[in-house]
Each structure stands twice: as C-alpha cells, then as structure tokens.
**Student:** 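Before I ask anything, here is the structure I am working with.
Bear in mind the structure is a predicted one, so any value in this text is a computation, not a measurement. Order of the sequence lines fixes the chain letters, A, B, ..., with proteins taken first and strands second; residue numbering starts at 1 for each chain. In what follows, every heavy atom counts, from backbone to side chain, and hydrogens, waters and symmetry copies are set aside.
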Amino acid sequence: MEMKDTLNLPNTDFPMKANLTQREPELLARWEKEKLYEKIRQSARGKPQFVFHDGPPYANGHIHIGHALNKLLKDFIVKIMNMKGFDAGFIPGWDCHGLPIEHQVGKKLKEKKLSLEKSEIRKQCRVYAQEFVGIQKEEFKRLGIFADWENPYLTMNFSYEATIVREFGKFVEKGLVYKGLKPVHWCTSCKTALAEAEVEHNEHTSPSIYVKFPVQSGIPQSVGVLNSEKLFMVIWTTTPWTLPANLAICLHPEFIYVAVAHGDDTYIVAEDRLSMLVSEWEWKDYKILGSCKGADWENAVCRHPFIDRESKVILGEHVTLEQGTGCVHTAPGHGQDDYIVGLKYGLEPYNPVDDGGVFRSDVEHFGGMFVRKANPEIIEKLRQDGFLIRDENIKHSYPHCWRCHQPVIFRATNQWFISMDKTDLRKNALDGIGRTKWIPQWGRDRIYSMIENRPDWCVSRQRSWGVPITLFTCNACGDFINSSDLFERIAGGVEKYGADFWFDSLPEELLPEGTVCQCGGKEFSREDDILDVWFDSGVSHVAVIEKNSELNWPADLYLEGSDQHRGWFHSSLLESIGTRGKEPYKSVLTHGYVVDGKGKKMSKSAGNVIAPQKIIDQYGAEILRLWVASENYREDIRVSNEILKRLTESYKKIRNTLRYLLGNLHDFDCKEDQVPVNEMLELDRYILHRFNILREKILTAYENYEFHVFYHSFSNFCIIELSAFYLDIIKDRLYTYPAKSRERRSGQTALHILLMGMVRLIAPILSFTAEEVWNHLPKNSVDEESVHMSQFLDPENVSFDENLVKKWEFLVELKGEVSKALETSRRDKIIGHSLDSIVKLELPDNFKAIVKNDELKYIFIVSEVVLVDSIGSEEKIFESDSLQGVKVFSEMHPGKKCERCWHYFEPDVKEGKANGEICSRCEDHLQTAGA
RNA sequence: GGGCCUGUAGCUCAGUUGGUUAGAGCGCGCCCCUGAUAAGGGCGAGGUCACUGGUUCAAUUCCAGUUAGGCCCA
C-alpha cells in the first residue's frame, strides 16, 4: 500500500450518494433564507427583458403530475433565460373563482346545515381558495421552482377583480356586449340554472313518440313526383313537451332520405333508418316512391301539427342514424344542438316555459300546464288529430338536478354575450393568430379553427363565486346603462372592498343619484350573474403584465398544455384583441399530457395515477426534473416506475462524473495552476473541443425549448466521451505524475474548464445538484454565491483544426478496434486488465502518417504498442471491419508490472535502479515530486 | 360522430429531403478491474420502423384506409 500513498488519487467531500430526499429540503431552505430569487431578479436589472407569463392553475386540490410538468418546463425556461443574460421573472398565479370551489364549499355548508346565503358562500369560497393556494404553493416550491412565491397573482385579489370589472367595461363601451337567449340546464323545482357539472345522469322513463309533420312546400324535384297533399316528414322525440317550441326539422345534408308510401300517406325518413322503423311500426305493405339527399330538402317547409306555424326544414351535421328517423325535431330554445343550428338559420331560441316549468298562458292548448304533466295531453292531441304514428315508454339516461334529484329541462334563458362579429372580434383574433408564433406549429391550426367556428362568447353564469357582471338594466325598456363613469365608480369600489362591493351595496348606493335611462326610466335592476371564469383568467395579461410598469407588454411566451387552445390561450386572445386590438403574447408553447407507462391516461378508477409527491418522496424532485427534461413533451409523455428507475441510474452517472471531476481538482487552484489553453496537451484540447460542440448543441436546444436534447447529449457526453474515453485515459497522468507537473496541470485545467461549463449547463434542469457541485468547487473558481446567479460561458478557443479533428476521430475509432482485439485475448484468458498487454499494430500508410507512436499506449491503456509494417500471419490476429487495413495482435506483456503505475516494463538490472519494483518513469516522477 | 396530434429495439430518444447490413445511451447477457469502489472499463444479443393497401425500379420515410392512444368538441 506504500506505492498508493505516492499517487495523486481523487479526493472530495462531494458525496457519491445523492440522498436527494434529504438534501433537497436543505438547499430549498437555504435558497429561501438567502432570498435567492430576489437576488437573481436584482442582478438581472437593466438586461434585455424576456417576459414569460404564467397561466394560473385552479386553486383546488393538490398538484398532480401534469401541474408539475407544466411548472417545471416554465422553471427551466426562466432559469435558462436568466443564465443567457436576460431579465426574466416568474410571477406565479392562481385561478380562484368558479364552480368547483363553490361546489366544495356548498357541500361543506350543507353538511354543517349552515345558511347558503350568497355572501356567506362567497366568504367561504375565498377562504377555501386561499387555503389551496397555500398548499399548491408549497408543493410547487418543493420542486425547486424559482418564482416570486411571496407575491403571486390571484384572480380573487381585489385589484385583480377590479381589473376584471374594468376590462369587461371596455367590451360594454365598445358595444360588443348584448343580452340574448341561450338554452341551459334548468331545475324547475330549485328554479335555477345548472352548470354541466351540476347535472347528474340517472335512469328515467320518458315517452317515445313518432310525429308526422305535413309537408307544405319545397319538395325537391330529385325525389320524384309526390303528392304534397298527404306527404309527411316524421320526427321522433322523448320530450313531447318541447313540441310547442318546435321551429324546424333538421336533416343531415349527406344522408339519403326516402319517400315511403303506406296506406294513403307518404312519409319522409332516412333510408338507413327505414328497416328499423317499419318493424317498430309493424308496417307490412309499404312502397318506396323515391329518394334524394338531405341537402335537397333545404328550404322546404312543414306545418306544425297543432300550432298555426311553419316548421322549416334545415340541415345540420349533428343528425345521426343511431335513433329516430333522421329527421330531427328542432326547438332552439330547448336544446344545445337545436340552438346552434338555429343560430345559423336565424331561428330564435323560443322558450314558452317559465321558471317553474309551466307553459306560459299564450301557449295554445297547453298554457298553464307543467311540462311533464303536459306530455300525455300533447300525445293525446296528436293522436286525435292524426299526427301520431306511434307512442310507447322508454327507459333511458336523463339529466337530473344534483341537489334535488328531479329531472331537469333544457330551457332558453337570458344570458350576456360578447359578439364575435359585430366589431370584427373574430376576424381580428384570426389575424392575431397569424402574427403569433405557435410551437409546435399545428397549434396555430387548432386555435384558428376554434376561433373561426365558435359562437358568440356567453360570459354570464348564474352562480355566486365570481366577479359580477356590473350592469344595471332599465326596468322600463330592458336596456342596460352603458356609462364608463359608472363602470369606473364600481371598479373603484371593487378595488377597495372586493367584488362583494357589488353584491353587498344597495342599487341606490352604486348608481349616481338622478340616473335616468335614455328611455326616461328611473328604476333599474342590478345584474345578479357573474362572469365566466375564463374571462377572469383572460385578463391576466392586463393585471399581471400591463399594469406592472417594469414589464413589457405583450408577453414573450405563454406555456400551457394543449387543452388551453380552447381555454386560456383562447380567452386571453379574445380579451386582448377585443380591448386592445393586439394579441397578448408573441409566442405560445404547448406541451402534451402525462399518460401512464402504456400510454393510457391516468385516472383514479384505472388506478394508474402517479403523484408527484410520491416521486419526490421516493426519488427526489431532481429525478422528476430530469424526467421532464428527458421526454419530448410536445407529444404526450409517459411516466412509470421503470422510466423513473432508468432516470435514477442516469442521474447517478451524471452525478458520479461530476464527482470525479471534483475529486481530481482537490489540489487545483485555477488562479495559480491553470495552464494556458495553447500549452495544453493535445488530448486535453481535444476534449475541450468536444465539449465546445456539446455546449453549442445544448444552448441551441435550450433556445428551441428542446430539453430532451440536453438530456441525451449531456448524459452521452458523460458516458462516452468522458467516462469511457477521456477520464479513463488521463487517470494515469493525474495519478502517477508529480502533482505540480505540467502534464498533470494540463489535465486538471481541462477538467476544471469542463466542470465550470457543465455545472452551468445543468443548472436550469438539475438545479439542486448543480448547486451542490457549486458548493464543492475548488478555490478561486467562481465569484457568484450560487450557480443560479451565474451565466452560461462562452466556448474556449482550443484552435483545433480540421486535421487534428480528423486525427482524433481516427484515434477514437482505433481505440474501439483495439478494445475488440483485447477482448478476444481476454476471452482466451491471455490477459485480464488491458495494461497486461502489448499490442502489435499494422496501419495503412494514410493513418501511419498522422499518429505518434508514443501516445498510442496511453490512449489504448496498454503497456506497449509496437507499430509494424506487416503483422505477419500469426493466428488470432484481429482485422478491423470498419477501419480498412487495420490489423491488431495482442498478447501478454513479457516484462514486469510496475507496482506504482501498473504499466509493464523491461527491468534494467545493470543500471541498478531501485530493485526493479517500479519503472523508470515512476522513478523520475517520485524524484521530481520529492524534490 | 367531428377537428387536431401521436405510434422506430424492454425504456428514453436519433434518423431516412424514398435508395446498400435502421443508430445512441440506458437496461439485459457475458467478461475484466478493484487506485472514481454501493464505483470504473470492455464485448455482445435485441427492431417484419403499429397494421393493410396504393404510388414508385425502390417506402420505415409519400398517399389512403384500419387500429391503438391523447387533447378539444359534439
């Protein structure tokens, strides 16, 4: 063991075992204590800005892995931009209003049998949201995300709420806001509108009837000559009570419709439904008289069976052949599809039913009747008048109220809308999409077609937890007051007291004295609805960026999941275009969804959910970070235990490589010991040349937000170029040469440059580990207290010309071929370690010219290399496939193994040097070191 | 049902502007080392490029359909 003590072996306190679950919280505590985020922000002042704008997650529940993916990608980008020399901050936000929270709170209050007063609900909702903001904040912080966690934006902050009021006011002023009818789920016993999430689907028995609508005019010629006197279109419905509101019959433009004669009458139904229908109706004799496409029936007109009104024949893609006749009874006031298709044909969302589900008195035959009570009456009337083909009862799934469990109805109610076309909002938004950079590119098409096809934006909700629609309606004429002064007055109140100001004040307090409507009316009603929460988050670009005088508007980047093309990207765009005529972002980056190891979505019921908290507890946040970096997030990305295990292995390799660099720099002071690059050994310059290539690749990848390129190229560099090649080769030099020798210092200089570059490159991704390395750097290496305050470095000029590159590419490949040859000797038990061998090498002339013999044995890590013109015809000669003409023969070295450097040598007894236990090279080194 | 996206070794990713034996790392198998040591090195085996048609002298790469999956709608 004596010889070992004469070597310069690696030595470092940097632990091999990461122990992330324990070390990460320590680092987090230190960062927080030292206010690192603030320091980074301060040192970035005056640099060019990169404005990233965080989309607000909903303040409900713990974060799931999708949240982690999203926020970590953002963290990578912000850290990268800072290290590239930009001024980039991260202001996190939360979406706080809305139904899910109101739901949770409603449940709690109900259980405790407390009052369900609106003001009490709102109060509780605020507490609830605040609680989850706190929970999620801690969970995000644990991931190592650097953000202004002390000053996040919350959509329920008073100032934010005031921004919402003001922004909505702008839409009102510009004349985009109007009141219209739209069908919504409605509970007739609670007398309230219900959101989709408040509806539960239960079994219900309904009538199922087929009804004849007499065709009045517009029979297409393509169907053939038909007698219009006794021609009927047949519809099917399970809600006879909606028939009084029937305004149209909808056909699919592409389906074939037949005219079928039965008895004296002729009926129009879809061809593909006919066989089902005739068996259901028990028809024996019938005859097809003609047929044509649905599109040909457009503009035909039918007569309502019991009301003196026309029923137009219209076309719609939503018509299916699964049930019914292919001719769909359409009541735009009572159905979603009916409403949408009705908009196209200018049909009003006619609703003859009041809040309690009772027909208004002006409804012929059935006025004053409750809708479900009216069902049998309507059927009877149809039967008597000869318009009923068949009726029976069916059991099917039907929406019920989540609170009282009664069946609900669909009913047109007054809602507030933002018009897409009155002032070209749609057109301008589409132009804005064209000016924005969408990554990946297909995002553009996705949002474009959504904006292109969407109906007007319905912004009202009949709920409590949100920002009110601050409008007053004149009781006399029904118009609303459009006054910017009034809006500002209310916004000011909201800024001071929150949105409760609107609900808790009396109308007289809100309205200036003597307010008079244009019609002369003096009495007004205060709007009770709240705004769609998408409007809330849609104004974040104003509340967070525009109102912040230090930030440039619009944002450089939005980054969310691809679902936000319909969500936040969409609402933010409409808001910004509608009020400012310009899009709120320059570029929009989307990521896919996290799915399980088999590519299936994660769900509680499938039992395949992987929680980020569990990954952190088991592996550490660093592994989660590395996972995000390792996958191509533009598509859906997978997570599984296998994947995480592999990443842990990969992490260890990176960590150990860095540790080895640190270990060999324990006695290196870069101020004193650094060798100028142009004086360094060729091999050392070669690895720096390779590192320059790697760095450029990674920085380009960072610029394109392609983090998986970092992961692959960086870990490959550690494994292939460093561990298996460079570091393996220079061990001999680092360990056996005198500590202060030029050769050793040259190698250490290379290691130091590598380490300084590498620790910065990994910092945005492996933020914990990079900091840990930073804390173990040899003296005089850096000035900054944290790696996260440092910048990426410029490449080292190693002047490695084309010829040198060619030479070293050849040497790398040649080393591989020699390894193969050694492996056969190893199989044959001739050698164990590669240093046991002496290698004979035959090279073609073109290669012979570029290599120097004395460097080869160190590169191959063998004891001796003999270059020969012809290797002879011995057995077991290895001939290379990839390097034409290269032949290798390896055998056991006949000399003695040096106890110190493990190279074999021929003892020179005559000289009497030592006693032949160590080689002359080591003799010299020991002497130099000792002197 | 519609729009958009995706399917290359066990895992994560390259790649082919259509053209000889489709690449990398990890993992796996075998071996070496014990001076990075709960480390390090070497060699090797793994793929009908989701499936089926079409275009072409030639397709994993282009087109169409099918299938499996994802997001958003209905």
**Student:** Which one is paired to B:A68, where only Watson-Crick or G-U wobble pairs with both distances under 3.5 angstrom count?
**Tutor:** B:U6

**Student:** Over all strands shown, is A:Gly832 touching base, sugar-phosphate only, or nothing at heavy-atom distances under 4.0 angstrom?
**Tutor:** sugar-phosphate

**Student:** Partner lookup for B:G53, please. Criteria are Watson-Crick or G-U wobble with both distances under 3.5 angstrom; report none if nothing qualifies.
**Tutor:**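 Per the H-bond distance test, B:C63.
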
**Student:** What is the distance, rounded to the nearest whole Å, between atom CG of A:Asp337 and atom P of B:A74?
**Tutor:**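 About 9 Å, once rounded to whole Å.
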
**Student:** Separation of A:Phe14 atom CZ from B:A36 atom P, in whole Å?
**Tutor:** 18 Å

**Student:** Determine if the base of B:G25 is syn or anti; take syn to mean the glycosidic torsion is within 90° of 0.
**Tutor:**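 It is anti.
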
**Student:** Below 3.5 Å, does any donor atom in the side chain of A:Lys652 face an acceptor in the base of B:A39, or the other way round?
**Tutor:** no

**Student:** Considering Watson-Crick and G-U wobble pairs with both distances under 3.5 Å, what does B:A22 pair with?
**Tutor:**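 With both distances under 3.5 Å required, B:A22 matches none.
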
**Student:** Is B:C28 paired to anything, Watson-Crick or G-U wobble with both distances less than 3.5 Å, and if yes, which nucleotide?
**Tutor:**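 For B:C28, the partner nucleotide comes out as B:G44, under the 3.5 Å rule.
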
**Student:** Quick one: does NZ or CZ of A:Arg444 land under 6.0 Å from the six-membered ring centre of A:Tyr448, within 45 degrees of the ring axis?
**Tutor:**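 Yes; both conditions hold, so A:Arg444 lies above the ring face of A:Tyr448.
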
**Student:** Below 30° counts as parallel, above 60° as perpendicular, anything between as tilted: where do the rings of A:Phe569 and A:His565 land?
**Tutor:** perpendicular

**Student:** What is the separation between atom CD on A:Glu823 and atom P on B:C31, rounded to the nearest whole Å?
**Tutor:** 11 Å

